[in-house]
J.: 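I'd like to ask you about the structure that follows.
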There are 2 protein chains.
Amino acid sequence: MKLIPTQIKTKKHFDTFLVSKGFKKTRQRDIIAEIFFNGPHHHYRIEEILEHARKLDASISYATVYRTMMMFVEIGFAQQRQFGKGQSLFEVQGRHHHDHLICTQCKKIIEFENETIEKLQAQVAKRHGFKMTHHKMELYGTCVSCQK
Amino acid sequence: MKLIPTQIKTKKHFDTFLVSKGFKKTRQRDIIAEIFFNGPHHHYRIEEILEHARKLDASISYATVYRTMMMFVEIGFAQQRQFGKGQSLFEVQGRHHHDHLICTQCKKIIEFENETIEKLQAQVAKRHGFKMTHHKMELYGTCVSCQK
DNA sequence: TTGTACATGCATATTATTTTCAAATAAAAT
DNA sequence: ATTTTATTTGAAAATAATATGCATGTACAA
Ligand SMILES: [Mn+2]
Ligand SMILES: [Mn+2]
Ligand SMILES: [Zn+2]
Ligand SMILES: [Zn+2]
């Protein structure tokens, strides 16, 4: 069993993708990709990308951010996640698989990996005859700072 | 460490609850509770309850089913779940804790428990200083029959 | 019975997402 | 550089799920 280390998707990859598939490089896509791929954290709402984008170009619309994020997902450059209710969050594709710890108070998100749990999940699926494609594991609670 | 076996909530409990809290016993609540607590499976959409309810009383409204299900959740008689997108599913509260295997093809839901995974999840949370309140674990894939 | 607070049904509001379409524009063709 | 064209955009509207306001109806206590 070998693991091909999945390449982390970057803005440069996206630029290349656009050209190679005959899509157009636009000011809007450039700004959105810059924020999404090189921004300070890993879990963006469409609204947050929009806010940041508008600081660079006040005319950018929600629809364009929406469509660009959907394109990222479509072409495998982003993962779309739903934690609880509320809006979807998007994160860059290609980093190591991980799950999430979520503070219900301050909404802080901590990523973690646990190989043992992953193996047990695969076992459970197999035991029920499932061909597992993916899973979702979220641990909810209060983070250290919110406990004070 | 002892476990007080949580009592499975029943329609009878609900009837008692209504009386004890001064809420009214109505034809609508009776029908909805009957379907929810004594129906043939464990994961109901509001729309499904509504359909069944209307066979017994054609005038029952979506709003009433909605509010009744919300009441069940509010008073701890139901759990509300969101698998992927789409509508919420509701299941009776008080059965043993479990997680879910979901067939992405036929939407079949299989429940499972895995004590080892639960312990490891608690460990992960603790290691990050989290006071974990609950978690969500869903394994997605194709079930036996859908693999043929 | 009758009074009244609670519950219901209908309509409408919210929230997040998705699509439509005329106008704008990137990139190819002159 | 100018024209052509197909793609992309922004604004608005459509959709989908959830949630609420309000006039009317009803359970149930008096
Ligand atoms: Mn993440
Ligand atoms: Mn279940
Ligand atoms: Zn916190
Ligand atoms: Zn299936």
Side-chain angles (χ1 to χ4, degrees), chain A residues 14-36 43-75 78-90 107, chain B residues 14-36 43-51 53-75 77-90 107:
Chain A
F14 181 60
D15 291 345
T16 306
F17 167 87
L18 288 180
V19 173
S20 74
K21 300 286 178 180
F23 292 108
K24 292 176 180 173
K25 295 181 72 170
T26 65
R27 184 174 30 80
Q28 291 89 334
R29 282 175 175 166
D30 199 66
I31 289 173
I32 294 164
E34 176 62 32
I35 294 165
F36 179 61
H43 305 94
Y44 286 98
R45 284 170 305 115
I46 288 175
E47 295 278 6
E48 189 184 351
I49 303 252
L50 180 63
E51 277 170 36
H52 292 160
R54 282 188 164 155
K55 288 177 195 154
L56 302 173
D57 177 344
S59 76
I60 286 181
S61 72
Y62 180 94
T64 296
V65 177
Y66 170 80
R67 282 183 291 228
T68 305
M69 299 313 291
M70 287 304 142
M71 182 187 224
F72 288 160
V73 172
E74 182 77 22
I75 67 181
Q79 270 185 275
Q80 183 172 4
R81 309 199 115 115
Q82 313 260 4
F83 297 141
K85 321 242 173 176
Q87 299 121 305
S88 290
L89 297 184
F90 297 80
K107 310 298 176 196
Chain B
F14 180 60
D15 292 345
T16 307
F17 167 87
L18 288 180
V19 173
S20 74
K21 299 287 178 180
F23 293 107
K24 291 175 181 172
K25 297 180 71 170
T26 65
R27 185 172 29 81
Q28 291 89 334
R29 283 175 175 166
D30 198 65
I31 290 172
I32 294 164
E34 176 62 30
I35 295 165
F36 179 61
H43 305 93
Y44 286 98
R45 284 171 304 116
I46 288 177
E47 295 279 6
E48 189 184 351
I49 303 253
L50 180 63
E51 276 171 37
R54 281 188 164 156
K55 288 177 195 156
L56 302 173
D57 177 343
S59 77
I60 288 181
S61 72
Y62 179 94
T64 297
V65 177
Y66 171 80
R67 283 184 288 229
T68 305
M69 298 313 292
M70 287 304 143
M71 181 188 224
F72 289 160
V73 173
E74 184 76 22
I75 67 181
F77 279 51
Q79 270 185 275
Q80 183 173 5
R81 310 200 114 116
Q82 312 260 3
F83 297 141
K85 321 246 170 170
Q87 297 121 306
S88 290
L89 297 184
F90 297 81
K107 310 298 176 196

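Within every chain, numbering begins at 1; the chains are lettered A, B, ... in the order of the sequence lines, protein sequences first and strands thereafter.
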J.: Could I get the full list of side-chain hydrogen bond (donor to acceptor under 3.5 Å, both in side chains) partners for B:Asp30, not counting sequence neighbours?
T.: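 By the side-chain hydrogen bond (donor to acceptor under 3.5 Å, both in side chains) rule, B:Asp30 matches B:Lys11.
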J.: Show your working on side-chain hydrogen bond (donor to acceptor under 3.5 Å, both in side chains) between B:Gln28 and B:Thr64 and close with a plain yes or no.
T.: CA-CA 8 Å; B:Gln28 291 89 334; B:Thr64 297; 5.7 Å; no
J.: Which dot-bracket notation, 5' to 3', represents the base pairing of DNA chain C when pairs are defined as Watson-Crick or G-U with both distances under 3.5 Å, crossing pairs as [ ], and inter-strand pairs as |?
T.: ||||||||||||||||||||||||||||||
J.: Sequence neighbours excluded, which residues qualify as salt bridge (charged side-chain N to carboxylate O under 4.0 Å, His left out) partners of B:Arg81?
T.: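 Residues passing salt bridge (charged side-chain N to carboxylate O under 4.0 Å, His left out) with B:Arg81: B:Glu91.
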J.: Identify, with sequence neighbours excluded, every residue that meets ring-ring contact (aromatic ring centres under 6.0 Å, His included) alongside A:Phe72.
T.: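 Residues passing ring-ring contact (aromatic ring centres under 6.0 Å, His included) with A:Phe72: A:Phe14, A:Phe36, A:Phe37.
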J.: With sequence neighbours excluded, tell me which residues meet side-chain contact (heavy atoms from CB on, under 4.5 Å) with B:Lys107.
T.: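 In terms of side-chain contact (heavy atoms from CB on, under 4.5 Å), with neighbours along the sequence ignored, B:Lys107 is linked to no residue.
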J.: According to the ring pair (Phe, Tyr, Trp, His ring centres under 6.0 Å) rule, which pairs have a member within residues 44-66 of chain A, sequence neighbours left out?
T.: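 Every ring pair (Phe, Tyr, Trp, His ring centres under 6.0 Å) pair that includes a residue of residues 44-66 of chain A, provided the two are not neighbours, is A:His41-A:Tyr44.
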J.: Could you tell me whether the side chain of A:Arg29 reaches within less than 4.5 Å of the side chain of A:Leu18, counting heavy atoms only?
T.: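 In short, these two side chains touch, coming nearer than 4.5 Å.
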J.: Between B:Tyr62 and B:Val19, who's closer to the 5' end of DNA chain D by nearest nucleotide?
T.: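 Its nucleotide being nearer the 5' end, the pick is B:Tyr62.
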J.: Using the closest heavy atom to pick a nucleotide of DNA chain C for each, name whichever of B:Val65 or B:Lys85 lands nearer the 5' end.
T.: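 Its nearest nucleotide being more 5', the pick is B:Val65.
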J.: Under 4.0 Å, heavy atoms only, any strand: does B:Ile60 hit a base, just the sugar-phosphate, or nothing?
T.: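 Here B:Ile60 touches the backbone only, sparing every base.
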J.: Excluding sequence neighbours, so at least two apart, what forms side-chain hydrogen bond (donor to acceptor under 3.5 Å, both in side chains) with B:Thr26?
T.: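 For B:Thr26 there are no side-chain hydrogen bond (donor to acceptor under 3.5 Å, both in side chains) partners, ignoring immediate neighbours.
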J.: Heavy atoms under 4.0 Å is the rule here; annotate nucleotides 21-30 of chain C 5' to 3' with B where the base is hit, S where only the sugar-phosphate is, and - elsewhere.
T.: -----BS---
J.: With sequence neighbours excluded, tell me which residues meet side-chain contact (heavy atoms from CB on, under 4.5 Å) with B:Val73.
T.: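 Residues passing side-chain contact (heavy atoms from CB on, under 4.5 Å) with B:Val73: B:Ala78, B:Gln80, B:Phe90.
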J.: Tell me the interatomic distance from B:Leu50, atom CG, to C:dG9, atom C1', rounded to whole angstroms.
T.: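 The distance from CG of B:Leu50 to C1' of C:dG9 comes to 12 Å, rounded to the nearest Å.
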J.: Specify the separation, in whole Å, of atom CD of A:Glu47 and atom P of C:dT17.
T.: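 For the pair A:Glu47 CD and C:dT17 P, the rounded distance is 9 Å.
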J.: Taking NZ from B:Lys21 and C1' from C:dA7, how many angstroms apart are they, rounded to a whole number?
T.: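 Between C1' of C:dA7 and NZ of B:Lys21: 19 Å.
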J.: Can you check the B:Ile32 CD1 to C:dT8 C1' distance for me, whole Å?
T.: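 It works out to 10 Å between those atoms.
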J.: What are the bounds, 5' to 3', of the part of DNA chain D that sits under 4.0 Å from heavy atoms of chain A?
T.: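 Contact span on the strand: D:dA6 to D:dA11.
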J.: Provide, to the nearest angstrom, the distance between the CZ atom belonging to A:Arg45 and the P atom belonging to C:dT15.
T.: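 Whole-Å distance recorded here is 14 Å.
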J.: Sequence neighbours left out, what passes side-chain hydrogen bond (donor to acceptor under 3.5 Å, both in side chains) with B:Thr16? Give chain and number order.
T.: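 Scan of B:Thr16 (side-chain hydrogen bond (donor to acceptor under 3.5 Å, both in side chains), adjacent residues dropped) gives none.
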J.: For C:dT17, does OP1 or OP2 lie under 4.0 Å from any side-chain N or O of A:Ser88?
T.: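 Yes.
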J.: Identify, with sequence neighbours excluded, every residue that meets side-chain hydrogen bond (donor to acceptor under 3.5 Å, both in side chains) alongside B:Glu51.
T.: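 Scan of B:Glu51 (side-chain hydrogen bond (donor to acceptor under 3.5 Å, both in side chains), adjacent residues dropped) gives none.
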J.: Over how many whole Å does the gap from A:Leu89 atom CG to C:dA16 atom P extend?
T.: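 The answer, rounded to whole Å, is 12 Å.
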J.: From OH of A:Tyr66 over to C1' of C:dT20, roughly how many Å is that when rounded to an integer?
T.: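 Going from A:Tyr66 (OH) to C:dT20 (C1'), I get 13 Å.
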